[in-house]
Visitor: 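Below are the structure tokens for one structure; questions will follow.
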Amino acid sequence: MMKYVKALRHAKFWKLGMSLLIIILGLSLKSFAQITTNNALPIGKGKAIFRVQNKIIRATGDPTEANRELLLQAFPVVGVYGITPRLALFGVLPVLDKSLTLTAPQGRITRSGNFGLGDARLFARYDIFRKSSKGKILSISPFGGAELPTGSDNERDNFGRLPQPLQLGSGSVGPFFGAVLTYQTLQWFFDAATSYQVNTKANNFTFGNEYRLDGVVKYRLFPRELRSGVPGFFYILLESNLIIQDKNEVNGVSDPNSGGTTWFADPGLQYITRKFVFEGVIQLPVVQDLNGNALETDFITTLSVRVNI
Amino acid sequence: MTRSFALTGLLAVLLLMFGLNHQAVAQQQEIKNPDIRVGVDGLACPFCAYGIEKKLKKIDAIDKLYVNLEDGTVDLALKSEMTLSEGKIKKAVKEAGFEVRSIEYVNKAAKPKSQAK
């Protein structure tokens, strides 16, 4: 086994592979729980909403000999509770499953850790402005919170300790803040959210700070004309996610092969009833301007169910 | 990956079952002769409608209610001989995250005497 590890450590493409892996994972994992519609979930006093999601991220097209294939699956559970009509508490607890397949000196290998809890996110949102009229509502709501180190950050596989981005947790606290603007009518829904996350150091590794600009436009396809009562709404939607991430730091040194800008366009569908929401989107990269050499994301799929409690 | 799909599917099913059992998801039934018609601002989707239903159902005096998204109204049928004040309606609507636009006592007897002019 030690022979293998030694061989791996001295393989040039292995080092390159790990650097590139750090970049793509660094971008992807930090965006798991930060979905535009989480920030904008409507909630009243004493009301609760739960949401379960399944997200799959695939990244391939490695130009190096390592021919890496990255597959990540996240399963975030989101809970929202209304403290007052304007103040809501949000919690996001993801379960993660990550694997990286690559060509090493001994052949094609797959590195993966345990299937388990990742870093939780806790935040609060307050509606500082709300204007409503018949069938319409406009609100502006700042939010803030932190990503907490609830995920294991010392996962190992047969080849030794997994690199930091393959760990379930970061081991660090990541405070973040932002604001969301929401405008909804019976026919249309718009929201735009901006946020900034400061990532702190753990295990001699610091993920780059992250700025996000997320937006969504939804249009009610069915029913074409509203009838009496509360019919289910079927929406077609387009989300957009702009993510700008600073370079990571490894042992206090900035990693030139990390950070960059990614912009996703996400077509999707949503069906809303009084009690449930079923939704699905696919995030397709429009722009990926990453520093150095990095794997680019092929797609991210998200399926989600929400329930009103 | 199989275990992730299995867990996701299992939890989604559990959540759906929990949601269905937590509180009856009975379809609304239109009220032919409502006692009170409340105009509510901000009602813009079915998910929002459930929030206001839940709040209003906690008021003892209310027997049945019917949300109409198109008109942005909630019709209330009160229990026999019961009355309901504007204050209680406004409080429930506000706590649900909405604003009262109007309150019309279709059945004048539903208005508390202390409120009657």
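Chain A is the first sequence line, chain B the second, and so forth, proteins listed ahead of strands; every chain is numbered from 1.
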Visitor: Measure from the side-chain N and O atoms of A/Arg130 to the backbone N and O of B/Gly97, and report whether any donor-acceptor pair falls under 3.5 Å.
Guide: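 Yes, because the side chain of A/Arg130 sits within donor-acceptor range (under 3.5 Å) of the backbone of B/Gly97.
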Visitor: Side chain, backbone, both or neither: which part of B/Ala49 has a heavy atom under 4.5 Å from chain A?
Guide: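 The side chain, not the backbone.
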Visitor: Shorter than 4.5 Å, heavy atoms on both sides: which option in A/Ser228, A/Ser139, A/Gly135, A/Gly82 has the most such pairs with chain B?
Guide: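 Sorted descending by pairs with chain B, the first entry is A/Ser228.
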Visitor: Could you state the interatomic distance from CD (B/Glu53) to NZ (A/Lys275), rounded to the nearest 0.5 Å?
Guide: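 If we round to the nearest 0.5 Å, B/Glu53:CD and A/Lys275:NZ are 10.0 Å apart.
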Visitor: Closest approach of A/Val230 and B/Val67, non-hydrogen atoms and distance?
Guide: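 Answer, listing the atom of A/Val230 first, then B/Val67: CG2-O, 3.5 Å.
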Visitor: Quick check on the interface: out of B/Asp75, B/Thr73, B/Leu43, who has the most heavy-atom pairs with chain A under 4.5 Å?
Guide: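 Sorted descending by pairs with chain A, the first entry is B/Leu43.
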Visitor: I'd like to know whether NZ of B/Lys91 has more than 12 heavy-atom contacts from other residues, nucleotides or ligands below 6.0 angstrom.
Guide: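 Not more than 12 within 6.0 Å, no.
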Visitor: Might you point out which heavy atoms bring B/Lys54 and A/Ile309 nearest each other, and give the distance in Å?
Guide: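 So the two residues come closest at NZ-O, 2.8 Å.
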Visitor: Answer yes or no: is there a donor N or O on one side and an acceptor on the other, between the side chain of A/Lys47 and the main chain of B/Lys55, under 3.5 Å?
Guide: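 Answer holds: no.
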Visitor: What are the two closest heavy atoms between B/Asp71 and A/Lys134, and how far apart are they?
Guide: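 That would be O-CE, 3.3 Å.
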Visitor: For chain A, find which of B/Ile52, B/Val40, B/Asn68, B/Asp41 contributes the most heavy-atom pairs closer than 4.5 angstrom.
Guide: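 Top option by heavy-atom pairs under 4.5 Å: B/Asp41.
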Visitor: Within this structure, what is the CD1-SG distance for the pair A/Ile272 and B/Cys48, rounded to the nearest 0.5 Å?
Guide: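 One gets 8.0 Å once the value is rounded to the nearest 0.5 Å.
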Visitor: If you tally heavy-atom pairs under 4.5 Å against chain B, which of A/Gly229, A/Pro85, A/Gly46 wins?
Guide: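 Heavy-atom pair counts peak at A/Gly229.
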Visitor: Tell me, side chain or backbone of A/Tyr183 under 4.5 Å from chain B's heavy atoms, or both, or neither?
Guide: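 For A/Tyr183, neither part sits under 4.5 Å from chain B.
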Visitor: What distance do B/Phe47 atom CZ and A/Gln270 atom CD have between them, rounded to the nearest 0.5 Å?
Guide: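 Output value for this atom pair is 9.5 Å.
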Visitor: How close do B/Cys45 and A/Phe233 get, counting heavy atoms only, and between which atoms?
Guide: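 Taking every non-hydrogen atom into account, CA-CE2, 4.1 Å.
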Visitor: Is B/Glu95 in contact with chain A via its backbone, its side chain, both, or neither, using a 4.5 Å heavy-atom distance?
Guide: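 Both parts, backbone and side chain.
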